[in-house]
Amino acid sequence: MPVSLVILAAGQGTRMNSDLPKVLHRVAGAPLLHHAMQAGAALSPERVVVVAGHGAEAVSKAARAWDEACGIVVQAEQLGTGHAVAQAAPALAGVSGDCVVLYGDTPFIRPETLEAMLEARARHAVVVLGFEARDPGRYGRLIAQGEALERIVEFKDATEAQRAITLCNSGVICADTALLLDLVGTLGNDNAAGEYYLTDVVELARRRGLSAGVVTCDEAETLGVNTRAQLAEAEAAFQARARAEALENGVTLTAPETVFFALDTVVGRDAIIGPNVVFGPGVTIESGAEIRAFCHLEGCHVSRGADVGPFARLRPGAELAEDVHVGNFVEIKNAILEEGVKVGHLTYLGDADVGEGTNIGAGTVTCNYDGVMKHRTRIGKRAFIGSDTMLVAPVTVGDGALTGSGSVITADVPAGAVALGRARQVVKPGLAPKMFEMYRSIKEKRQKDAK
Ligand code: UD1
Ligand code: CA
């Protein structure tokens, strides 16, 4: 049966104390919204609708960056979760099957939990995801007998006895799309908050003789982000899980608690990740590669047998083929390093192609930017770039060519050639003592004058 998703993301998130809409705050390098969209994507939804409101433009941009085809509806005024779902109606026109409602600020719902909700739909017209809360606080309370759900009472509207219930509403709800839209269309707002509560659809369905049910999950899954403190908690929870998963998948983490993953980091089996390594978005590390201590990687690919760091930075577009060696204080951006390239120390390679087996000496810099445009440096196979070579792009160094240390290479170097782009050395025998003598007398004169 087809499934659609509605993701509620219109709220301002006042308690974040931020200019940024809440769902765009990041956990593991990705906006909260992407986490929710990824959780829902596991159901292969036929249609995804994001309800935006505060910062709608930025929110829709982020939503489209994750899923180009997703629908966006704008809820101009935040009149409640039920009102928010009702806004999705036009975007869901003609869609059949079930609809799952998720919150954009609740990043950790597991796909298995959503699957369990869809299964429970065989038994109930409306299925709500609940959890046993350690501290039920202001969550909506589920009035239920076993799996059978009678209704949901919001904290504000609850009696003392109802507030003592610890089974709480996560906010995730699932029902037949047409039924859900029909129900939210008939909601009232006669309650303590004066809002159109999505939670009221349970009672409305039951009044029509339909049944409602609860599926429960661990409280950790329903962690919602309302404050910066909860954002930090969410980050910690994500990282703890990502580290455990990496270890489980056969990755060595020397000091797991110091490694930070992004939502989409992929690390192959038998890779070794040293202490204090940070992965930004878009990184894949193949099996058996090694990332040494204190590296920062983002938007890059490291192949089997390659080793990186300590203290290296791989930026977007860095592509390291098998057995490439990248050493300390090396920065690589938008550059392809073919098999066996060695770039050991203190180097910047930006907008470059480096052929297999080439050695890049310490202190090499691709001068890729002229202040206006970026230019590419092309280095062939088995070339030798002497230490402290400045490669002023656009420039090409051919296969097997050699550049002398300290060269500023401004013209193409043909294959097999040696290029020296530096001043010839001058030697003056016996001059050093005279120069030191001259410096000393200058210093003495300055000290005298200062008195
Ligand atoms: C809601 C539930 C409550 C549940 C809790 C779980 C209702 C009435 N209450 O309460 O039972 O225990 O979540 O966290 O549903 N949103 C919109 N438009 C709106 C209102 C909200 O898009 O008009 C979005 C918010 O951005 C947020 C989500 O819906 O992502 C939940 O809204 P929020 O105001 O946090 O609901 P709670 O009062 O916490
Ligand atoms: Ca909330």
Side-chain angles (χ1 to χ4, degrees), residues 5-16 18 20-25 31-33 35-37 39-40 49-56 59-60 62-63 72-88 100-109 126 128-133 135-144 149 151-158 162-163 165-173 180 183-184 187-204 212 214 216-217 219-227 230-231 234:
L5 288 181
V6 172
I7 301 179
L8 304 189
Q12 177 172 30
T14 316
R15 288 159 70 205
M16 294 298 284
S18 174
L20 196 65
K22 180 162 74 174
V23 296
L24 298 188
H25 284 269
L32 289 169
L33 181 62
H35 289 258
M37 292 178 85
V49 181
V50 173
V51 182
H54 281 278
V59 170
S60 17
I72 313 278
V73 296
V74 176
Q75 184 193 24
E77 251 187 304
Q78 280 70 63
L79 303 178
T81 48
H83 181 260
V85 172
Q87 308 312 301
V100 176
V101 179
L102 297 174
Y103 291 172
D105 61 2
T106 305
F108 300 141
I109 306 284
V126 176
V128 168
L129 181 64
F131 64 101
E132 277 296 337
D135 169 18
R138 302 183 64 80
Y139 286 117
R141 305 299 206 267
L142 301 188
I143 317 282
L149 180 61
R151 63 195 182 100
I152 307 178
V153 185
E154 285 307 293
F155 178 82
K156 280 186 182 171
D157 304 287
Q162 287 166 336
R163 286 179 181 183
I165 294 171
T166 53
L167 181 62
C168 292
N169 175 29
S170 70
V172 183
I173 192 166
L180 183 69
L183 292 174
V184 294
L187 289 171
N189 65 348
D190 182 17
N191 52 50
E195 285 182 7
Y196 297 89
Y197 291 161
L198 176 60
T199 46
D200 283 349
V201 300
V202 169
E203 215 179 343
L204 292 177
V214 191
T216 55
C217 70
E219 184 166 10
E221 282 184 57
T222 69
L223 174 68
V225 174
N226 300 300
T227 62
Q230 284 170 343
L231 187 69

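Start at 1 and go down the list; that is how both ligands and their atoms are numbered.
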At the 4.0 Å heavy-atom cut-off, does G80 count as touching ligand 1?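 Distance cut 4.0 Å: G80 passes for ligand 1.
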So is V51 touching ligand 1 or not, going by heavy atoms under 4.0 Å?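 No, V51 has no heavy atom closer than 4.0 Å to ligand 1.
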Looking only at distances, please establish whether an N/O atom of ligand 1 is found under 3.5 Å from an N/O atom of [X].
X: Y103; value: yes
X: G11; value: yes
X: T199; value: no

Heavy-atom check, side chain of [X] versus side chain of [Y], under 4.5 Å:
X: Q75; Y: H83; value: yes
X: Y103; Y: T81; value: yes
X: H25; Y: Q230; value: no
X: L180; Y: V101; value: yes

Taking the side chain from K22 and the backbone from V225, do they hold a donor-acceptor pair closer than 3.5 Å?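 Indeed, once roles are kept as given, a pair shorter than 3.5 Å links the two residues.
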List for me each residue that meets side chain to side chain contact (heavy atoms under 4.5 Å, CB included) alongside I165, sequence neighbours excluded, and say none if there are none.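 Scan of I165 (side chain to side chain contact (heavy atoms under 4.5 Å, CB included), adjacent residues dropped) gives R141, I143, L167.
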Select one of side chain, backbone, both or neither to describe which atoms of [X] lie under 4.0 Å from any atom of ligand 1, heavy atoms only.
X: E195; result: neither
X: A10; result: both
X: N226; result: neither
X: E154; result: side chain

Pairs under 3.5 angstrom only: tabulate donor-acceptor contacts from the side chains of residues 188-195 to other protein residues two or more places apart or in another chain.
{"unit_1": "N191", "atom_1": "OD1", "unit_2": "A193", "atom_2": "N", "d": "3.1"}
{"unit_1": "N191", "atom_1": "OD1", "unit_2": "G194", "atom_2": "N", "d": "2.7"}
{"unit_1": "N191", "atom_1": "OD1", "unit_2": "E195", "atom_2": "N", "d": "3.1"}
{"unit_1": "N191", "atom_1": "OD1", "unit_2": "Y197", "atom_2": "OH", "d": "3.4"}
{"unit_1": "N191", "atom_1": "ND2", "unit_2": "E195", "atom_2": "O", "d": "2.7"}

Spatial distance of atom [atom1] ([X]) from atom [atom2] ([Y]) [nearest 0.5 Å]:
X: L102; Y: I173; atom1: CG; atom2: CD1; value: 11.5 Å
X: L32; Y: M16; atom1: CG; atom2: CE; value: 7.0 Å
X: R151; Y: D200; atom1: CZ; atom2: CG; value: 9.0 Å

Can you name the one residue among T216, L198, L149 that meets side chain to side chain contact (heavy atoms under 4.5 Å, CB included) with V128?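 Going through T216, L198, L149 one by one, the side chain to side chain contact (heavy atoms under 4.5 Å, CB included) with V128 is satisfied by L149 alone.
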Atoms of ligand 1, numbered as shown, that sit under 4.0 Å from any heavy atom of [X]:
X: L79; result: 23 (O)
X: S170; result: 6 (C)
X: Y197; result: 8 (C)
X: G140; result: 3 (C), 4 (C), 11 (O), 12 (O)
X: T81; result: 7 (C), 8 (C), 15 (O), 20 (C), 21 (C), 29 (O), 31 (C), 32 (O)
X: A9; result: 22 (O)
X: D105; result: 27 (C), 30 (O)
X: A84; result: 17 (C), 18 (N), 22 (O)

Please state which option from R138, Q78, Q75 has its nearest heavy atom closest to atom 18 (N) of ligand 1.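 Comparing heavy atoms across R138, Q78, Q75, the nearest one to atom 18 (N) of ligand 1 lies in Q75.
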